[in-house]
There are 2 protein chains.
Amino acid sequence: MSTRTSKPRRLSRRGDTRQILVDTALTMLDGDKSFDGLSLRELTREVGIVPTGFYRHFPDMDALGLALVDEAFRSLRKILEDVRQDTRSADRLVASVVKSLVRHIRAHRAGFAFIASERFGGSAVVRNAIRRELRLVQTELAVDLARLPYLKEWNTTDLHMIASLILNAMVASAIDILDVSARDREGETALMKRAEQHLRLILLGVPHWQSER
Amino acid sequence: MSTRTSKPRRLSRRGDTRQILVDTALTMLDGDKSFDGLSLRELTREVGIVPTGFYRHFPDMDALGLALVDEAFRSLRKILEDVRQDTRSADRLVASVVKSLVRHIRAHRAGFAFIASERFGGSAVVRNAIRRELRLVQTELAVDLARLPYLKEWNTTDLHMIASLILNAMVASAIDILDVSARDREGETALMKRAEQHLRLILLGVPHWQSER
DNA sequence: TGTACATCAGTGAACGCGCGTTCACTGATGTAC
DNA sequence: TGTACATCAGTGAACGCGCGTTCACTGATGTAC
């Protein structure tokens with residue numbers, strides 16, 4: 001056997017430990033722990049390096065927090081992309097949005113849980129970073145909505161209004177689903193149905209909306 | 001001067017320290033701190049008693065957490081009561097709901113901030129207590145909605161569906177307002193307007209809803 | 001009204017523990033020649 | 001291809017600190033007589 005593959009690579013992982021720190025932190029936060037309550041020593045213990053090793057990758061916990069925000073939003077953005085490529089009728093669009101949401105939640109549980117809990121969490125740095133990202137997502141959604149035929153007459157203010165209502169409803173649904181998913185597939189289906197109904201009810205009002213009343 | 005009023009009551013406050021602990025904790029959490037990251041010693045230091053004094057009032061921090069949930073929901077429930085006594089038309093009801101919401105947020109900032117941040121926070125005990133209370137509030141709202149003339153034909157499932165959509169939208173609005181309020185009165189007005197628009201858009205869809213499609 | 005006593009909120013010393021951060025170090029990997 | 005060297009991820013001892021919790025205590029308040 002060659003020394004290349006047989007030797008355990010205890011030292012000099014050259015670049016992948018940073019990602020392991022991020023992934024491990026997200027996993028650890030997907031339970032009864034908040035970022036505010038996660039200690040550097042706990043994290044490095046879990047990863048398998050000595051506490052001081054942390055400083056090779058991040059100057060402090062705040063910097064790790066920002067990396068977690070980046071990681072978590074990567075998957076949330078994919079949902080928007082999925083939906084963007086779907087040019088079907090409003091009615092089928094609704095089912096498509098919810099399906100995409102659930103698929104990404106299943107694949108990236110920890111990331112969604114992190115956004116949900118740290119959006120109003122104890123670390124100001126993390127909290128503000130999440131809000132900034134959510135505002136960007138809302139703007140992207142408003143732009144996407146403007147392309148829909150039954151919304152092309154709407155002005156920017158109204159588009160942002162409906163984008164925020166939809167985003168809030170979907171974030172709330174996502175969190176409910178997160179909570180129930182995995183251990184209760186039946187409950188998950190019920191919540192998906194409810195999320196679809198929320199979207200439909202919102203869209204039902206759209207044709208009757210009068211701007212600047 | 002009588003000894004009754006002149007003497008500093010350093011010892012044996014007989015019953016009010018518990019409430020001071022609750023109020024102080026809520027105030028401390030209305031900033032850059034999560035319940036998970038609040039220490040017993042910090043809290044007692046702020047209140048002005050020795051750390052061990054805490055145990056005279058609560059067996060542990062979890063018990064304090066539950067008391068905080070109780071306190072915080074007391075004011076949220078008052079909003080429902082306010083709105084319940086308002087039997088005006090749907091259109092005026094919307095403005096009334098939002099006004100009541102903003103008034104209670106101003107009066108009980110810390111309580112709302114606590115519910116918002118600990119709803120997905122690190123302490124399982126607190127998190128579950130908050131969710132239980134929110135579910136109760138949702139049910140109460142569904143019952144109230146059933147009394148409205150244009151909703152009296154709706155079945156229970158649909159009423160719960162719309163109740164959860166409204167509650168989610170209002171909680172999201174409350175949190176946005178919390179964040180901006182006090183330091184930006186103009187921003188607050190804009191958010192109030194948006195909250196009203198959200199409610200109106202939801203209600204616009206209601207007459208066109210077809211149950212169990 | 002006065003007195004003896006139970007109650008109970010608050011005290012302060014003490015404990016062992018996990019924390020973040022410093023520092024000088026080791027030794028494997030990648031690169032320049 | 002071989003060698004010398006810079007880079008850099010991980011090490012481990014050490015530090016001072018704030019933490020939750022224990023314990024036996026003090027002394028003011030409220031109550032029974």
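Below, read A as the first sequence line, B as the second, and so on, with proteins coming before strands; counting in each chain starts at 1. Every value quoted in this text rests on a predicted model; they were computed, and no experiment measured them.
Judged by distance alone, with hydrogens and angles left aside, the side-chain atoms of B:Ser75 form a donor-acceptor pair with the main-chain N or O of B:Ala72 at under 3.5 Å.
Note: CD1 (A:Ile20) to P (D:dA9) measures 13 Å, nearest angstrom. Distance CD1 (A:Ile49) to P (C:dG27): 19 Å, rounded to an integer number of Å. In this structure, A:Arg18 places its CZ atom 15 Å from P of D:dC8, rounding to the nearest Å. Between A:Asp62 atom CG and C:dT21 atom P the separation is 10 Å, expressed in whole Å. One atom, CZ of B:Arg56, and another, C1' of D:dA24, lie 11 Å apart when rounded to the nearest Å. If you measure from atom CG of B:Leu64 to atom P of D:dG20, you get 12 Å, rounded to the nearest angstrom. One interatomic measurement links the two molecules: CG of A:Leu21 to P of D:dA9, which rounds to 11 Å at whole-angstrom precision. What separates CZ of B:Phe54 from P of C:dT11 is a distance of 15 Å, to the nearest Å.
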Nucleotide-level pairing of DNA chain D, given in dot-bracket where Watson-Crick and G-U pairs need both distances under 3.5 Å and | marks other strands: .||||||||||||||||||||||||||||||||

With the sugar-phosphate defined as primed atoms, P, OP1 and OP2, and the base as all remaining atoms, what B/S/- string results for nucleotides 12-19 of chain D, 5' to 3', for protein heavy atoms under 4.0 Å? BB-----B

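Here the side chain of B:Tyr55 is nearest to one of D:dG10, C:dT22, D:dT21, namely D:dT21.
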Give the C-alpha distance, both sets of side-chain angles, the deciding distance and a yes or no for side chain to side chain contact (heavy atoms under 4.5 Å, CB included) between A:Thr157 and A:Met161. CA-CA 6 Å; A:Thr157 312; A:Met161 185 274 289; 5.8 Å; no

Taking it one step at a time, do B:Ile130 and B:Phe73 satisfy side chain to side chain contact (heavy atoms under 4.5 Å, CB included)? CA-CA 8 Å; B:Ile130 288 178; B:Phe73 269 90; 4.2 Å; yes

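Qualifying side chain to side chain contact (heavy atoms under 4.5 Å, CB included) partners for B:Ala174, counting only residues two or more places apart in sequence or in other chains: B:Leu101, B:Ile105. Every side chain to side chain donor-acceptor pair (under 3.5 Å) that B:Arg103 has, sequence neighbours left out, goes to B:Asp82. Residues satisfying the side chain to side chain donor-acceptor pair (under 3.5 Å) test with A:Glu140, not counting sequence neighbours, are A:Arg77.
Within the 4.5 Å cutoff, the side chain of B:Val126 has no heavy atoms near those of the B:Leu68 side chain. Between B:Val206 and B:Leu203 the shortest side-chain heavy-atom distance falls below 4.5 Å.
Regarding contacts with the backbone of D:dC8, every side-chain N or O of A:His57 stays at 4.0 angstrom or more from both OP1 and OP2.
Residue pairs that meet the salt bridge (Lys or Arg N to Asp or Glu O under 4.0 Å) test with at least one member in residues 26-39 of chain A, sequence neighbours left out, are A:Asp30-A:Arg109, A:Asp32-B:Arg127, A:Lys33-A:Glu42.
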